[in-house]
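First the structure, in the form of structure tokens, and then the observations on it.
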Protein chains: 2
Amino acid sequence: MQALLLVAHGSRRAASNREVETLASALAPELEERFPVIEVAFLELADPDIATGIRSCIDRGARSVVVVPYFLAAGTHVTEDLPALVEAARAVHPGTTFTIAGHVGAAPMMHRLILQCATERV
Amino acid sequence: MQALLLVAHGSRRAASNREVETLASALAPELEERFPVIEVAFLELADPDIATGIRSCIDRGARSVVVVPYFLAAGTHVTEDLPALVEAARAVHPGTTFTIAGHVGAAPMMHRLILQCATERV
């Protein structure tokens, strides 16, 4: 069973963290065929952390975890910190497959999404 | 003529700022029918700032500027700082119409974009 772990930076503002959790909840019904398990984790400033988010995926039955960096830019959080944390999880969970997806800012669909933002209220 | 001003937070990492500029350049051909002018501006830490980005749009012939917040969460940058800066621009450019679009994190298409991220490399 495959899980999607949406990883955001995390904020001191609880509302910003909730925004990510709400997004993940809204995603769940749409993605459940491909990803029966969807969890959220934060790199810093908020809980759950990455290790806890991965543990939740595995506890819910996932044997494959796709980590999606909910970041707009490929800063060191995306290129170094997150891969190091996933590598650590690989050592702890040898029976689980981990994949790190591209960060959302680099998705080809971002062009159309920006157009959607720009035109919906115009 | 309508302009799209893509406003990002701005980073101390030049590569992150370039990533936004590259995205805007890639957008331009796709959006040029609707938005003949596309510019980028940064809220802090990088140039051009919002006032300069708006000035560039107007210098290139725009009489209507749609500001798209390239932010994942509706923090105070999106809810307070950016509207205040656009309000200031309204006073400086009374002949120009300004609209602030929803931030990219709230776009309905974000669901599909996350799925695209999660499945393209899996």
Side-chain angles (χ1 to χ4, degrees), chain A residues 2-6 8-13 15-20 22-24 26-31 34-35 38 64-79 97 99-122, chain B residues 2-6 8-13 15-20 22-24 26-31 34-35 38 64-79 97 99-122:
Chain A
Q2 190 161 243
L4 189 160
L5 180 66
L6 190 64
H9 183 279
S11 170
R12 286 185 185 84
R13 281 182 76 249
S16 291
N17 301 327
R18 269 199 307 273
E19 199 173 335
V20 183
T22 302
L23 173 65
L27 274 175
E30 287 179 53
L31 273 55
R34 187 91 186 231
F35 297 99
I38 296 185
S64 168
V65 178
V66 179
V67 178
V68 176
Y70 194 57
F71 286 76
L72 290 174
T76 51
H77 283 320
V78 171
T79 60
T97 305
T99 311
I100 303 180
H103 62 294
V104 296
M109 201 180 286
M110 186 56 84
H111 295 193
R112 282 199 288 143
L113 187 144
I114 288 171
L115 182 62
Q116 183 182 57
C117 288
T119 52
E120 285 216 332
R121 300 194 194 180
V122 180
Chain B
Q2 190 161 243
L4 189 159
L5 181 65
L6 190 64
H9 183 279
S11 171
R12 286 187 185 83
R13 281 182 75 249
S16 291
N17 301 326
R18 270 200 306 274
E19 199 173 336
V20 182
T22 302
L23 173 64
L27 275 175
E30 287 179 52
L31 273 54
R34 187 91 187 230
F35 298 99
I38 296 185
S64 169
V65 178
V66 179
V67 178
V68 177
Y70 194 58
F71 286 76
L72 289 175
T76 52
H77 284 320
V78 170
T79 60
T97 304
T99 311
I100 304 180
H103 63 292
V104 296
M109 202 179 286
M110 187 55 85
H111 295 192
R112 281 200 287 143
L113 187 143
I114 288 171
L115 181 61
Q116 184 181 58
C117 289
T119 53
E120 286 215 330
R121 299 195 193 180
V122 180

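Proteins get letters first, then strands, A, B, ... in listed order; numbering begins at 1 in each. Atom set for the values below is all heavy atoms of this structure, side chains included, hydrogens, waters and symmetry mates excluded. The structure displayed is predicted, hence computed values, not measured ones.
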Quick one: what part of [X] sits under 4.5 Å from any heavy atom of chain B, side chain, backbone, both or neither?
X: Pro108(A); value: both
X: Ala24(A); value: neither
X: Val104(A); value: both
X: Leu72(A); value: both
X: Phe71(A); value: backbone

Of all the heavy-atom pairs spanning [X] and [Y], show the shortest one and how long it is.
X: Ala118(A); Y: Phe35(B); result: CB-CZ, 3.7 Å
X: Arg13(B); Y: Gly75(A); result: NH1-CA, 3.2 Å
X: Ser16(A); Y: Ala73(B); result: OG-CB, 3.7 Å

Next on the checklist: Given heavy-atom pairs under 4.5 angstrom as the criterion, report whether the side chain, backbone, both or neither of Ala8(B) touches chain A.
Outcome noted: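 No part of it gets close to chain A.
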
Checklist entry - Most heavy-atom pairs under 4.5 angstrom with chain A, which of Leu27(B), Thr97(B), Leu115(B), Leu113(B)? => result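 If we count pairs closer than 4.5 Å to chain A, Leu113(B) comes out on top.
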
Item to check | ring pair (Phe, Tyr, Trp, His ring centres under 6.0 Å) partners for His111(B), two or more places apart | outcome: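 In terms of ring pair (Phe, Tyr, Trp, His ring centres under 6.0 Å), with neighbours along the sequence ignored, His111(B) is linked to no residue.
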
Next on the checklist: If you count heavy-atom pairs within less than 4.5 Å of chain B, which of Thr76(A), Leu31(A), Asn17(A), Val67(A) leads?
Outcome noted: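 Counting heavy-atom pairs under 4.5 Å, the top option is Leu31(A).
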
Checklist entry - Between Gln116(B) (side chain) and Ala107(A) (backbone), is there a donor-acceptor pair under 3.5 Å? => result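 Not a single qualifying donor-acceptor pair exists.
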
Item to check | For Ala106(A), side-chain contact (heavy atoms from CB on, under 4.5 Å) partners two or more places apart | outcome: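 By the side-chain contact (heavy atoms from CB on, under 4.5 Å) rule, Ala106(A) matches His103(A).
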
